[in-house]
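Notes follow once the structure below has been shown.
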Amino acid sequence: MRLLAFSDLHLDFDAADRLVALSAPADLVIGAGDFADDRRGLQGIMDRLAPIAAKLLVVPGNNESIDELRGATNALVLHGNSTTRDGFVIAGIGGGVPPVPSSTGRSWDLGEAEAASLLDRIERADILVSHSPPFGLGDAHSQEGHVGSHAVKSALLRLSPSLCIFGHVHDCWGSHGRIGSTEWRNLGPDPVWFEL
């Protein structure tokens, strides 16, 4: 499977247009949240991604809620559940996990216990998509230190997916590595290709 992935568009219409233009050879396109900005502008950016909705799979970020995202796109929205594409099980969870400490009160966040409860329902994943990073992996914020999720990290270690992709922490866009048999990457808005 040829996978194109990104996160954190934050209303960058040019980046959305580039993703649509590049997506033709992709079997699947995954967006790891934060399409909107401060819970505004979601419909406009999702309209730009509409031409690829049939092969687009998304999770909400902390800048849009699950209900807002489901209402703005025909793409498949994952949050605490999974789907199968081309034989690969893809699981996802959205939102800011843990809650964003410096938010303006408009951030769509989950506590660690709520995220763990959602993730515990997932029995298998070849690809784990999260808006928030697993704790200690691509999660070092310049002012707040490690801000990743312990629940996402626990799910990653339990599920051992081939790939874990996320965004959220802008300071770490592009960072990547391996933990056990899992390749992980903090995506950012630039297109990233994977061959699975």
Side-chain angles (χ1 to χ4, degrees), residues 5-10 30-39 57-70 77-83 89-189 192 194:
F6 67 96
S7 71
D8 299 282
L9 287 182
H10 292 288
I30 296 180
D34 274 3
F35 306 95
D37 200 27
D38 201 24
R39 305 284 289 276
L57 184 153
V58 296
V59 299
N62 61 291
N63 277 277
E64 60 275 331
S65 73
I66 183 72
D67 292 333
E68 291 163 349
L69 188 56
R70 285 184 175 144
V77 180
L78 292 182
H79 179 63
N81 56 341
S82 61
T83 189
V89 178
I90 305 157
I93 187 165
V97 185
V100 176
S102 60
S103 82
T104 59
R106 294 183 54 83
S107 184
W108 189 70
D109 299 323
L110 304 174
E112 292 281 10
E114 184 180 359
S117 176
L118 288 169
L119 289 163
D120 284 347
R121 293 188 244 166
I122 298 167
E123 296 179 1
R124 179 182 160 215
D126 299 303
I127 303 170
L128 179 61
V129 184
S130 175
H131 178 60
S132 296
F135 186 83
L137 304 176
D139 73 335
H141 188 277
S142 61
Q143 297 173 346
E144 297 170 13
H146 290 284
V147 295
S149 166
H150 291 282
V152 174
K153 176 85 170 275
S154 293
L156 184 158
L157 294 173
R158 174 177 60 86
L159 296 166
S160 259
S162 297
L163 180 63
C164 178
I165 50 178
F166 50 87
H168 190 47
V169 180
H170 299 195
D171 296 338
C172 293
W173 284 346
S175 64
H176 57 94
R178 293 192 78 80
I179 181 168
S181 60
T182 302
E183 177 184 358
W184 62 265
R185 186 172 187 112
N186 184 326
L187 296 164
V192 179
F194 298 94

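Every heavy atom of this structure was used, including side-chain atoms; hydrogens, water molecules and symmetry mates were not. One-based numbering along the sequence shown.
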For Asp109 and Asn62, which I'm curious about, is there any donor-acceptor pair between the side chains at under 3.5 Å? no
Test Leu110 against His79 for side-chain contact (heavy atoms from CB on, under 4.5 Å), laying out the working first. CA-CA 11 Å; Leu110 304 174; His79 179 63; 3.5 Å; yes
Looking at [X] and [Y], what are the two nearest heavy atoms and their distance?
{"X": "Ala32", "Y": "Ser130", "answer": "CB-O, 3.8 Å"}
{"X": "Pro60", "Y": "Trp108", "answer": "CG-CZ3, 3.7 Å"}
{"X": "Ala125", "Y": "Ala91", "answer": "CB-CB, 3.9 Å"}
{"X": "Pro189", "Y": "Phe6", "answer": "O-CB, 4.2 Å"}
{"X": "Pro98", "Y": "Gly148", "answer": "CD-O, 3.5 Å"}
{"X": "Pro133", "Y": "Gly138", "answer": "CG-O, 3.7 Å"}

4.5 Å side-chain heavy-atom contact, [X] and [Y]:
{"X": "His131", "Y": "Asp8", "value": "yes"}
{"X": "Leu156", "Y": "Leu137", "value": "yes"}
{"X": "Val129", "Y": "Leu78", "value": "no"}
{"X": "His168", "Y": "Val100", "value": "yes"}

List the residues meeting ring pair (Phe, Tyr, Trp, His ring centres under 6.0 Å) with Phe194, not counting sequence neighbours, and say none if there are none. none
Sorted by chain and residue number, the ring pair (Phe, Tyr, Trp, His ring centres under 6.0 Å) partners of His176 (sequence neighbours excluded) come out as none
Only one of Asp38, Asn63, Asp37 passes side-chain contact (heavy atoms from CB on, under 4.5 Å) with Arg106; say which it is. Asp38
Kindly say whether [Y] contributes a backbone atom to a donor-acceptor pair with the side chain of [X] at under 3.5 angstrom?
{"X": "Ser117", "Y": "Ala113", "value": "no"}
{"X": "Glu64", "Y": "Ala36", "value": "yes"}
{"X": "Glu183", "Y": "Gly177", "value": "no"}
{"X": "Asn186", "Y": "Gly174", "value": "no"}
{"X": "Ser7", "Y": "Gly188", "value": "yes"}

Sequence neighbours left out, what passes side-chain hydrogen bond (donor to acceptor under 3.5 Å, both in side chains) with [X]? Give chain and number order.
{"X": "Ser175", "answer": "none"}
{"X": "Asp139", "answer": "His146"}
{"X": "Ser142", "answer": "Asp171"}
{"X": "Asp67", "answer": "none"}

Return each pair, listed once, that meets salt bridge (Lys or Arg N to Asp or Glu O under 4.0 Å) where at least one residue sits in residues 111-124; pairs must be two or more places apart or across chains. Arg124-Asp126
Anything under 3.5 Å between a donor and an acceptor, one on a side chain of residues 157-167, the other on a protein residue two or more places apart or in another chain? List them.
unit_1: Arg158; atom_1: NH1; unit_2: Ile122; atom_2: O; d: 2.8
unit_1: Arg158; atom_1: NH2; unit_2: Leu119; atom_2: O; d: 2.8
unit_1: Arg158; atom_1: NH2; unit_2: Ile122; atom_2: O; d: 3.2

